[in-house]
> 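I am attaching a structure below and will ask some questions about it afterwards.
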Amino acid sequence: MNFQPISPDFFQQPTIELARNLVGQYLVHQHAEGLMVVKIIETEAYMGPEDRAAHSYGNRRTKRTEIMFGEAGLVYTYQMHTHTLMNVVSGPPDKPQAVLLRAGEPIIGQELMGKFRGTTPMKNWTNGPGKLAKALDVRMSYYGHHWSKEPLFIAPGQRDIEIEIGPRVGIQNTGEAVHYPYRFSEKGHPMVSKYR
DNA sequence: GTCACGATTTCCT
DNA sequence: GGAAATCGTGACA
């Protein structure tokens, strides 16, 4: 299989639709030790100023959220405890929105992913945002990278995937934002992350 | 400079 | 099911 970066135009769509349309696409990482590809099976939208669960709620602009005020399609990496999470910046520059990549299915490079994931069973390699980043060895250094450029990019994948929509996971004390249906996943896929 | 905390994962009971 | 791990970020002085 040969993977080509998706057109930058792909990111020019409303955040909700982008989150939905990212499910089924390929996430490609040309790592120094080998090629790794996963199919994206779960995402979440973060709607910026109006979304209490978003880092950019109320247009909060800091060194960390700065990237969300930039061009759609940029990489927003964020460190949570010991883990790195990957986001796709979305929306026009005056709307600091983003899509969190929550889970994927290994397609290519399973050996290498296994190496980064240690003794974890294969089913649990990429079924969570922190796990996904670790399996692909994505670090904070990708902050500000563009998702249509090597060595880390989105490639066109499966179309017409049946999408399941639900509330987001792992956010607390954010009022009504907890219930927003901003979580998108491939219906019935065994590797989507679990609810708590 | 100090301090509290989080869009999570893993280990232990 | 509960708690620790562990550090960048943001608020405040």
> Are Leu152(A) and Leu22(A) connected into the same hydrophobic cluster when the rule is that any two of I, L, V, M, F, W, Y join if their side-chain heavy atoms are below 4.5 Å apart?
yes

> Taking only distance into account, with no hydrogens and no angle test, what donor-acceptor pairs under 3.5 Å do side-chain atoms of residues 26-37 of chain A form with protein atoms, sequence neighbours excluded?
unit_1	atom_1	unit_2	atom_2	d
His29(A)	ND1	Leu136(A)	O	2.6
His29(A)	NE2	Tyr142(A)	OH	2.8
His31(A)	ND1	Glu33(A)	N	3.0
His31(A)	NE2	Asp137(A)	OD2	2.7
Glu33(A)	OE1	Lys115(A)	NZ	2.5
Glu33(A)	OE2	Lys115(A)	NZ	3.4

> Take atom CE of Met140(A) and atom P of dG6(B), then tell me their distance rounded to the nearest Å.
18 Å

> Taking the basic N atoms (NZ, or NE/NH1/NH2) and the acidic carboxylate oxygens, is any pair closer than 4.0 Å for Glu164(A) and Lys187(A)?
no

> For residues Ile6(A) and Leu18(A): do they belong to one hydrophobic cluster (side chain heavy atoms under 4.5 Å, members Ile, Leu, Val, Met, Phe, Trp, Tyr)?
yes

> Hey, can you pull the residues of residues 10-26 of chain A with a non-hydrogen atom under 4.0 angstrom from DNA chain B?
none

> Could you give the side-chain donor-acceptor pairs of residues 170-181 of chain A under 3.5 Å, partners two or more places apart or in another chain?
none

> For DNA chain B, determine which residues of residues 43-64 of chain A have any heavy atom closer than 4.0 angstrom to one of its atoms, and list them numerically.
Tyr46(A), Ala53(A), His55(A)

> Determine which pairs satisfy side chain to side chain donor-acceptor pair (under 3.5 Å) with at least one residue from residues 117-128 of chain A, sequence neighbours left out, and list them in order.
Asn124(A)-Asn127(A), Asn127(A)-Lys131(A)

> Could you check Ser193(A) against Arg102(A) for side-chain hydrogen bond (donor to acceptor under 3.5 Å, both in side chains), going step by step and ending with a plain yes or no?
CA-CA 7 Å; Ser193(A) 65; Arg102(A) 285 197 63 87; 3.3 Å; yes

> Who else is in the cluster with Met140(A) when I, L, V, M, F, W and Y are joined by side-chain contacts under 4.5 Å?
none

> Starting at atom CZ of Arg168(A), determine the distance to atom P of dG6(B), rounded to an integer number of angstrom.
16 Å

> If you count heavy atoms of other groups shown closer than 6.0 angstrom to CZ of Arg61(A), is the number above 12?
yes

> Got a salt bridge between Glu44(A) and Arg168(A), using NZ or NE/NH1/NH2 to carboxylate O under 4.0 Å?
no

> Quick test: give all pairs of protein nitrogen or oxygen and nucleotides 1-4 of chain B nitrogen or oxygen below 3.5 Å, distance rounded to 0.1 Å.
none

> Without decimals, in angstroms, what is the distance between Trp125(A) CH2 and dT10(B) C1'?
18 Å

> Base, sugar-phosphate alone, or nothing: which one does Tyr76(A) contact when heavy atoms must sit under 4.0 Å apart?
base

> Give DNA chain C the dot-bracket treatment, 5' to 3': Watson-Crick (N1-N3 with N6-O4 or O6-N4) or G-U (N1-O2, O6-N3) under 3.5 Å, [ ] crossing, | other strand.
|||||.||||||.

> Please determine whether residues Val169(A) and Tyr57(A) belong to a single hydrophobic cluster, defined as Ile, Leu, Val, Met, Phe, Trp and Tyr linked transitively by side-chain heavy-atom distances below 4.5 Å.
no

> If you look only at distance, which donor and acceptor atoms sit under 3.5 Å apart when one is on a side chain in residues 78-92 of chain A and the other is two or more places apart or in another chain?
unit_1	atom_1	unit_2	atom_2	d
Tyr78(A)	OH	Arg64(A)	NH1	3.4
Asn87(A)	ND2	Tyr76(A)	O	3.0
Ser90(A)	OG	Thr15(A)	OG1	2.8

> For residues 100-122 of chain A, which residues have at least one heavy atom under 4.0 Å from DNA chain B?
Leu100(A), Arg102(A), Arg117(A)

> How many angstroms lie between CD in Glu42(A) and CG in Leu132(A), if you round to the nearest 0.5 Å?
10.0 Å

> Rounded off to whole Å, could you give me the CG-to-P distance for the Leu132(A) and dT8(B) pair?
13 Å

> Starting at atom CG of Asn87(A), determine the distance to atom P of dG6(B), rounded to an integer number of angstrom.
18 Å

> Rounded to the Å, how far apart are Lys131(A) NZ and dA7(B) C1'?
15 Å

> Output the rounded distance in Å from CG (Asn127(A)) to P (dT9(B)).
8 Å

> Taking atom CD of Glu111(A) as the centre, report whether more than 12 heavy atoms of other residues, nucleotides or ligands fall under 6.0 Å from it.
no

> Atom CG of Asn124(A) to atom P of dC11(B): distance rounded to whole Å?
11 Å

> For a salt bridge (charged side-chain N to carboxylate O under 4.0 Å, His left out) check, start with the C-alpha distance between Lys95(A) and Glu50(A), then their side-chain angles and the critical distance, and finish with the verdict.
CA-CA 10 Å; Lys95(A) 289 283 180 186; Glu50(A) 304 89 35; 3.4 Å; yes

> Are the aromatic rings of His146(A) and Phe11(A) close, with centres under 6.0 Å apart?
yes

> With a 4.0 Å cut-off on heavy atoms, is Lys134(A) in touch with a base, just the backbone sugar-phosphate, or nothing at all?
nothing

> Please report the C-alpha distance between Glu186(A) and Ile163(A) in whole Å, then the side-chain angles of each, then the deciding distance to 0.1 Å, and finally whether the side-chain contact (heavy atoms from CB on, under 4.5 Å) criterion is met.
CA-CA 5 Å; Glu186(A) 178 172 339; Ile163(A) 305 290; 5.8 Å; no

> Which residues pass the side-chain hydrogen bond (donor to acceptor under 3.5 Å, both in side chains) test with Gln13(A), not counting sequence neighbours?
Asn21(A)

> Enumerate all atom pairs, one protein N or O and one N or O from nucleotides 5-7 of chain C, separated by less than 3.5 Å.
unit_1	atom_1	unit_2	atom_2	d
dA5(C)	N6	His81(A)	ND1	3.2
dA5(C)	N1	His81(A)	ND1	3.4

> One pair to check against side-chain hydrogen bond (donor to acceptor under 3.5 Å, both in side chains): Lys39(A) and Gln158(A). What are the steps and the verdict?
CA-CA 8 Å; Lys39(A) 185 177 75 173; Gln158(A) 249 172 282; 2.9 Å; yes

> When rounded to the nearest Å, what value does the distance between P atoms of dA3(C) and dC5(B) take?
16 Å

